[in-house]
Every structure is written in structure tokens, then in C-alpha cells.
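Down below is the structure, laid out as C-alpha cells.
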Amino acid sequence: MHSYGLVIHAGAAAILRKDLSPELQAEHQAKLSEALDAGYAVLDSGGEAIDAVVAAIRVLEDSPLYNAGKGAVLNAGGVCELDASIMDGKAQAAGAVAGLQHIKNPITLARDVMQKSAHVMLAGEGAEKFARELGYELVPNEYFQTPLRKKQLEKAKEIEAAGGGHTAIRDAEGRISFVTIDDHADPERHKWG
Amino acid sequence: TVGCAALDKRGNLAAGTSTGGMTNKKFGRVGDSPIIGAGTYANNRTCALSATGHGEYFIRAVVGHDVSARMEYQGMPLEKAAAATLTNVSALGGKGGVIAIDHDGKVTMQFNTPGMFRGFRLSTGEKKVAMF
């Protein structure tokens with residue numbers, strides 16, 4: 001039998017230990033551990049890597065702590081737009097979805113694009129039409145939106161209206177690419193994904 | 001952004017990534033998360049990987065496939081391959097990180113930001129969760 005296991009992430013950020021309360025750190029620890037255990041249970045029972053990936057990611061998508069599924073950040077129009085992808089290393093099959101607004105677990109639809117369509121990526125309304133054909137129940141966009149993310153969008157727009165200043169993220173050529181704010185008031189603390 | 005890379009008992013690798021993108025994103029912006037070869041990649045000969053970060057740079061550095069290609073064509077171990085690719089991302093000006101597992105069950109979790117929420121659990125009994 002081959003050795004097995006999984007590794008997860010829930011975002012990288014310019015965030016320091018002092019920026020998170022002990023209570024919030026404990027919440028993150030518990031949710032990350034829950035995601036690991038969900039994926040590991042699939043592997044330990046002889047399940048496939050692709051199913052372990054979906055199991056672990058669904059836990060994180062369902063948590064308002066992370067920028068995926070419930071708790072996703074808001075776009076400039078005040079709407080959550082979700083992207084996901086998945087890849088199977090054996091067949092090098094892949095599936096991806098972009099710009100979803102009503103799919104509760106985008107990773108599940110990405111897997112269905114891989115396994116149940118002839119395509120690799122579906123975007124926007126087309127992706128959601130595909131989901132409806134598969135019997136997915138669509139959720140209102142409000143399901144994803146949290147008060148914290150709304151506050152972050154307001155802050156981002158204030159900064160943008162003020163000309164961006166030092167909170168605008170510039171690329172290597174000095175162009176302002178976007179303005180983004182992490183889970184706290186300090187505008188120096190950007191969210192990187 | 002959240003992601004996972006896994007290796008099962010049959011030696012098959014898989015990876016996935018899911019995200020809401022960037023706060024205040026405009027114009028139908030899409031980052032690296034749904035881009036196969038950038039934010040997500042898996043190849044049984046090398047590794048499975050998910051990335052998080054400033055997606056525009058991760059697309060330009062073709063992060064997922066780059067790590068895999070370094071392993072396959074140059075024989076680099078996962079740890080070194082991921083570090084080399086992340087150095088390229090940093091050189092472009094991008095911030096973020098990657099998590100990956102190879103066909104032998106070795107994992108790496110690398111980032112050029114102060115923190116990345118991350119963890120792994122292996123059949124060896126090892127389990128770790130970390131944030132900073």
C-alpha cells in the first residue's frame with residue numbers, strides 16, 4: 001500500500017499573530033483541523049485523492065472564516081463571484097468554474113465539469129446553467145455575503161475614492177492593479193488571495 | 001482562497017482550489033485559482049499543488065506547472081522546485097504561497113507573506129496546523 005495524506009491552505013496574507021485574537025486563532029485551528037480530518041477520512045477508507053480534495057475544500061467553503069464559498073469577498077458590484085478548479089493527476093483530467101454567483105460549493109461543480117462535461121472550464125451563467133442541468137440547487141448570493149466582507153468592500157471603496165494612496169497594490173511596472181483589504185482595519189494589511 | 005492537494009493509497013495525486021477572488025475586483029477579473037497549471041495542478045509523475053496569493057503573478061509564473069516541470073525535467077525534489085518557482089513569483093512582485101504533495105507523500109507549504117493558514121495530515125501519523 002502506498003503512503004497517503006493531504007495538505008491544505010486557507011489563504012496567505014500579510015497578517016501577524018498579534019492581528020488575530022487568541023479566540024479567532026483557535027477557531028482557525030479547529031476549522032483547518034476539521035478540513036484535514038474530512039479529507040483524511042476519505043483517504044484512510046480507501047477513497048480517491050480527488051474525493052479527499054473535495055471533502056477538505058467543502059469544509060473550508062462552508063466556513064465564513066475563509067475567502068471561498070460562504071464568507072467570500074465581494075466584487076466592486078457588491079456581489080460574491082466564485083472561482084474553483086480541480087485536477088486529477090492520474091488522467092491529467094481537469095475541471096474549472098469561474099464567476100459563479102449561486103453555487104454553494106464551487107469545488108463540487110468544478111469536479112462535475114471535469115467528470116460530466118467535455119470541457120475544462122465553464123464560466124458565469126453558462127456554468128450555472130450546467131449546474132441546473134445536473135440538478136444543483138442554486139442559493140441566493142446573500143448566502144455567501146457576511147457583514148465583515150461588506151465592511152471590507154466599503155473600506156476598499158473609500159480608499160479607492162481617495163485615490164488609492166499607499167493601500168493600492170501596484171504591480172512590478174507600478175500600475176495599480178486593485179485595492180483590497182483584509183479582515184482588519186489596518187489598511188497596510190492586504191489580503192493576498 | 002482555500003486549497004488542497006492529496007495522495008491516495010493507490011498513489012494517485014489530485015489538487016483543488018476555491019476562491020472568492022479579490023475584494024472590489026472589477027471587469028470580470030479572474031485570478032489563478034481556476035486556471036489549471038497556474039493555481040491548481042496535479043501530475044502523478046510529480047506532485048499535486050494548490051496556490052494562493054496575488055493571482056495575476058501566479059498566472060504569469062504558471063506556478064503549478066512550473067513546479068511540476070522542474071521536478072519532471074530537472075529531477076528537482078518538491079521542496080526545491082516549489083522554492084524556485086516561488087522565487088520567480090517574488091521577482092515579478094507577487095505575494096502568496098503554495099502547498100503541495102509529491103508522489104512519495106512528501107509535503108511542502110511555502111509562502112512569501114508573513115502568514116499562510118495551512119496544515120497537513122499523513123499516513124505516517126504526522127498532523128500539523130499552522131498560521132504564521
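Order of the sequence lines fixes the chain letters, A, B, ..., with proteins taken first and strands second; residue numbering starts at 1 for each chain.
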Please report the closest heavy-atom contact between A:Gln29 and B:Val129, naming both atoms and the distance. OE1-CG1, 3.4 Å

Side chain to side chain donor-acceptor pair (under 3.5 Å) between B:Thr23 and A:Lys155: does it pass, once the steps are laid out? CA-CA 10 Å; B:Thr23 300; A:Lys155 186 73 179 171; over 6 Å; no

Are A:Leu109 and A:Ile86 connected, step by step, through hydrophobic side chains (Ile, Leu, Val, Met, Phe, Trp, Tyr) whose heavy atoms are closer than 4.5 Å? no

Closest non-hydrogen contact found for B:Ala130 with A:Leu32 is O-CD1, 4.4 Å

Quick check on the hydrophobic clustering: are A:Tyr66 and B:Phe132 connected, directly or via other members, by side-chain heavy-atom contacts under 4.5 Å? yes

Between A:Ala35, A:Gly99, A:Gly47, which shows the greatest number of heavy-atom pairs under 4.5 Å with chain B? A:Gly47

Pairwise side-chain contact, A:Gln92 with B:Tyr41, heavy-atom cut-off 4.5 Å (strictly under): yes

When rounded to the nearest 0.5 Å, the distance separating CZ of B:Phe117 from CG of A:Leu20 is 5.0 Å

With chain B, the option among A:Gly124, A:Pro106, A:Ala98, A:Gly46 that has the most non-hydrogen atom pairs under 4.5 Å is A:Gly46

Is the shortest side-chain heavy-atom distance between A:Met121 and B:Ile35 below 4.5 Å? yes

Note: B:Thr52 and A:Ala12 closest approach over all heavy atoms is OG1-N, 3.4 Å

Donor-acceptor pair, side chain of A:Ser85 and main chain of B:Ser33, under 3.5 angstrom: yes

Quick one: does A:Val73's side chain get under 4.5 Å of B:Met22's, heavy atoms only? no

Cut-off 4.5 Å, heavy atoms of chain A, and the answer for B:Val107 is side chain

Interchain contact, B:Asp104 with chain A, by part (heavy-atom threshold 4.5 Å): backbone

With distance as the sole test, does B:Asp8 use its side chain to make a donor-acceptor pair with the main-chain N or O of A:Ala49 at under 3.5 Å? yes

In terms of heavy-atom proximity below 4.5 Å to chain B, should A:Asp37 be classed as side chain, backbone, both, or neither? both

Scored by heavy-atom pairs under 4.5 Å with chain A, the best of B:Ile101, B:Ile99, B:Leu122 is B:Ile99

Keeping the roles fixed (side chain from A:His2, backbone from B:His103), state whether a donor-acceptor pair exists under 3.5 Å. yes

With a 4.5 angstrom heavy-atom cut-off, which part of A:Leu153 approaches chain B: side chain, backbone, both or neither? both

Sort out for me which of B:Cys47, B:Gly11, B:Gly97 touches chain A most, counting heavy-atom pairs under 4.5 Å. B:Gly11

Between A:Ala56 and chain B, which part of the residue has a heavy atom less than 4.5 Å away: side chain, backbone, both or neither? side chain

Determine whether a donor-acceptor pair (N or O, by modelled atom type, separation under 3.5 Å) exists between the side chain of A:Asn67 and the backbone of B:Gly21. yes

Honestly, the part of B:Ala5 sitting under 4.5 Å from a heavy atom of chain A is both

Would you call A:Leu6 and B:Arg121 a side-chain contact if the rule is heavy atoms closer than 4.5 Å? yes

Comparing A:Leu74, A:Val42, A:Asp44, A:Asn75 against chain B, the one with the most heavy-atom pairs below 4.5 Å turns out to be A:Asn75

Which atoms form the tightest heavy-atom contact between A:Asp83 and B:Pro34, and what is the distance? CB-CG, 3.6 Å

So which part of B:Ile36 gets closer than 4.5 Å to some heavy atom of chain A, the side chain, the backbone, both or neither? side chain

Just checking B:Lys127: does its NZ atom have more than 12 heavy atoms from other residues, nucleotides or ligands closer to it than 6.0 angstrom? yes

Nearest 0.5 Å please: distance from the OH atom of A:Tyr4 over to the CG atom of B:Leu13. 15.5 Å

Would you mind checking which part of A:Val120 comes under 4.5 Å of any heavy atom in chain B, side chain (CB onward), backbone (N, CA, C, O), both or neither? side chain

